[in-house]
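Just so it is clear: chains get the letters A, B, ... in the order the sequence lines come, proteins before strands, and each one is counted from 1. Note that this is a predicted model, so its numbers are computed, not measured.
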2 protein chains.
Amino acid sequence: MATIKDVAQKAGVTVTTVSRVLNNRGYLSKDTRDKVFQAMEELNYKPNAIARSLYAKKSGIIGLILPALRHPFFAELAGFIEQYANLHAYKLLVCDSNHDALREKEFVDLLKSNQIDALIMASHTLDVREFAGLDYPIVTFDRIIDGLSYVCSDNYRGGVLAAERLIHVGCEHVAHICGNLQLDLLSNDRTKAFLDVMDKHGINPIIVQTQTDVFDYKHYDNMIYPLLKDHPHLNGIFATSDLLAAHVLRACYEMNIKVPGDLRVIGYDDVSLSELLVPQLTTIHQPIQEMAEMAVILATQAQEADRFQQAHVFPVHMIQRYTC
Amino acid sequence: MATIKDVAQKAGVTVTTVSRVLNNRGYLSKDTRDKVFQAMEELNYKPNAIARSLYAKKSGIIGLILPALRHPFFAELAGFIEQYANLHAYKLLVCDSNHDALREKEFVDLLKSNQIDALIMASHTLDVREFAGLDYPIVTFDRIIDGLSYVCSDNYRGGVLAAERLIHVGCEHVAHICGNLQLDLLSNDRTKAFLDVMDKHGINPIIVQTQTDVFDYKHYDNMIYPLLKDHPHLNGIFATSDLLAAHVLRACYEMNIKVPGDLRVIGYDDVSLSELLVPQLTTIHQPIQEMAEMAVILATQAQEADRFQQAHVFPVHMIQRYTC
DNA sequence: CTGAAAGCGCTAACAT
DNA sequence: ATGTTAGCGCTTTCAG
């Protein structure tokens with residue numbers, strides 16, 4: 001691997017000069033500049049970003065910790081984050097915690113060790129205290145942590161929209177499927193809102209939560225099939241992710257429950273999967289792309305302390321397709 | 001950010017000693033060791049991986065370039081690769097080329113600059129020559145490049161299985177939907193095999209290819225709807241990815257074509273999406289997890305040059321669900 | 001058992 | 001317009 005020294009030697013100058021043409025700083029005669037470029041070319045020289053980082057105390061890397069890359073929401077999110085990170089000349093180090101608090105903690109340490117310039121945190125099994133003493137900007141998805149900016153969709157509004165829609169179309173026997181509510185997540189507001197509205201209408205939904213410690217989507221089925229079986233009169237379901245809703249639709253098909261005829265289903269996220277389902281899923285759209293962009297901007301551009309804005313809440317709206 | 005110097009100072013020793021306890025090398029008195037640990041604790045010291053990399057000339061980072069994180073196959077692949085990389089104490093730098101040759105090239109340079117220890121290449125719009133002069137191990141997904149190991153599924157066998165199945169169930173009006181065949185990919189063997197078998201049975205499938213320069217999955221629909229509309233007698237389709245097949249199923253539903261009654265559909269990949277579809281997709285299973293593991297092993301463990309093995313082909317089999 | 005010093009590849013004062 | 005030199009944080013000979 002050619003270093004700056006090799007280039008300098010080959011071009012008959014010192015490393016300073018090479019560094020200068022590399023960074024286009026100071027005065028250079030066209031002649032030396034050309035010589036240096038040619039030497040670089042011949043040696044297929046690429047500056048060592050590690051050495052540069054060491055000096056600059058900036059690695060140009062954003063860390064992203066998420067609970068599961070194979071979850072369509074996080075896959076899309078990661079894709080957009082990568083894209084915007086790149087646009088801002090940052091690289092993305094992706095860590096998949098698999099919902100495991102220990103791995104999450106290890107990743108936080110790992111990323112600190114690796115001198116990342118910012119962390120985007122979308123996995124939240126970890127206790128808040130673990131974030132103390134980290135000296136890079138942290139942006140959080142769907143969770144509030146003191147002193148850190150967060151990005152989320154208007155979860156409460158989303159829950160309201162879903163509830164009102166189900167009520168509007170006359171659902172009375174309603175179930176709600178959500179992630180585990182033990183986790184201190186803003187997405188729990190979807191549930192809260194949903195129950196608030198339902199309560200106002202005298203409806204008391206059945207609530208089913210996923211487990212925190214099961215990493216296999218088969219366990220979705222293990223909760224959904226019994227739910228549908230034990231409650232044949234159910235006529236409305238709000239699931240807090242499109243992936244959950246997809247499992248519901250598939251179960252309905254297999255149990256010969258007609259959607260939306262017998263049962264209305266509403267999801268949340270509006271990932272591209274939702275358009276692929278049969279029937280296409282009615283869902284609450286959250287602007288994943290814009291949220292990803294905001295996360296990168298927050299991570300990337302140091303905010304002046306005096307006008308630090310913690311909350312970055314994005315509007316949601318309902319996408320009415322064919323399941324409700 | 002505390003450095004090794006700060007720790008040394010606080011513990012009343014030199015940096016050498018701190019380095020020793022850090023790496024657990026040489027003789028240390030229990031006393032100094034304790035003092036050093038305590039100082040580290042108090043300063044919340046984490047060694048600077050950048051500085052270590054600079055010295056060691058190893059970054060501990062594997063680069064992964066893929067065409068689209070939002071494609072379920074690549075999302076799953078990336079998830080598994082991340083997992084195995086982590087198991088081998090490597091970090092993963094993910095680059096999403098979005099099928100763009102220029103970005104791909106930039107990523108190769110970027111990763112070289114960043115001193116990655118190995119590259120896993122799953123995006124292939126790039127010319128082979130661009131890989132010359134890269135001084136880290138490269139392993140390739142689904143493409144053969146001279147001198148580099150590659151990992152793939154037994155694409156030809158997969159195509160045969162799909163064709164035989166369609167023929168077995170009596171399909172005679174057959175279409176084939178695949179990625180763009182201009183790209184020099186091993187997955188083209190799926191097509192080749194499929195056509196070989198069909199030809200043997202005197203069947204001449206309609207072939208539809210995706211475009212290389214369109215990054216939006218809506219364009220899948222733009223090819224699928226016309227196909228189904230213009231060929232109402234079609235009774236069998238082999239799509240070279242589950243995602244493509246999912247689009248077919250959705251289109252069928254909307255055009256009131258019964259699957260598998262009117263039309264049989266077979267996909268390829270066996271991503272978790274395929275189990276979510278309605279009806280659940282019959283598909284060719286490729287062992288994504290094992291392939292990811294192999295890629296990481298190849299990337300990670302330098303092979304002795306004398307018994308370098310280029311091809312790592314994984315067996316496929318058909319998963320018979322409800323679409324064929 | 002511990003310290004001094006050199007060096008990994010690069011950048012930036014500070015000369016000249 | 002170019003060179004000399006110190007230093008980023010860490011590891012490792014080599015001394016003691």
Let me know the distance between [atom1] of [X] and [atom2] of [N], rounded to the nearest Å.
X	N	atom1	atom2	answer
A:N114	D:dC10	CG	C1'	14 Å
B:K46	D:dG9	NZ	C1'	16 Å
A:D31	D:dA1	CG	C1'	12 Å
A:K35	D:dA1	NZ	P	14 Å
B:Y27	D:dC14	OH	P	17 Å
A:N23	D:dA1	CG	C1'	17 Å
B:N24	D:dC10	CG	C1'	17 Å
A:Q115	D:dC8	CD	P	14 Å

> Does CD in B:E41 sit with more than 12 non-hydrogen atoms of other residues, nucleotides or ligands closer than 6.0 Å?
Replying inline: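 No, because the 6.0 Å sphere around CD of B:E41 holds 12 heavy atoms or fewer from other groups.
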
Under 4.0 Å between any heavy atoms, over every strand shown, what does [X] touch: base, sugar-phosphate, or nothing? Just pick one.
X	value
B:S19	base
B:R20	base
B:L54	base
B:L22	sugar-phosphate
A:T32	sugar-phosphate

>> Would you say that B:L186 contacts B:Y150 through its side chain, given a criterion of any heavy-atom pair below 4.5 Å between the two side chains?
In response: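 Yes - at least one pair of side-chain heavy atoms lies under 4.5 Å apart.
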
> Mapping A:R52 and B:V13 onto DNA chain C by nearest heavy atom, which one lands closer to the 5' end?
Replying inline: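 Result: B:V13.
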
>> Using modelled atom types and a 3.5 Å cut-off, is there a donor and acceptor pairing between side-chain atoms of B:D142 and backbone atoms of B:C152?
In response: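 Not a single qualifying donor-acceptor pair exists.
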
>> Quick check for you: name the first and last nucleotides of DNA chain C, 5' to 3', having an atom under 4.0 Å from a heavy atom of chain A.
In response: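 Boundary nucleotides touching chain A, in 5' to 3' order, are C:dC8 to C:dC14.
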
> For D:dG9, does either OP1 or OP2 sit under 4.0 Å from a side-chain N or O belonging to A:K57?
Replying inline: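 A:K57 to D:dG9 OP1/OP2: side-chain N or O found under 4.0 Å.
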
> Within the modelled atom types, does a donor on one side and an acceptor on the other bring the side chain of A:T16 and the base of D:dT4 under 3.5 Å apart?
Replying inline: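 Indeed, a donor on one side and an acceptor on the other fall under 3.5 Å apart.
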
>> Ignoring hydrogens and geometry beyond distance, is a side-chain donor-acceptor pair present between A:Q38 and A:E42 at under 3.5 Å?
In response: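 Checked: A:Q38/A:E42 side chains pair up, N/O donor to acceptor below 3.5 Å.
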
> So, B:Y136 and B:Q115: side-chain donor and acceptor under 3.5 Å apart, yes or no?
Replying inline: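 B:Q115 and B:Y136 do not have a side-chain donor-acceptor pair below 3.5 Å.
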
> Where do A:G79 and B:L69 come nearest, in terms of heavy atoms and distance?
Replying inline: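 The pair with the smallest heavy-atom distance is N-CD2, 3.9 Å.
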
> Looking at CZ of B:R20 and OG1 of B:T14, how far apart are the two atoms once the value is rounded to the nearest 0.5 Å?
Replying inline: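 Going from the CZ atom of B:R20 to the OG1 atom of B:T14 covers 7.5 Å.
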
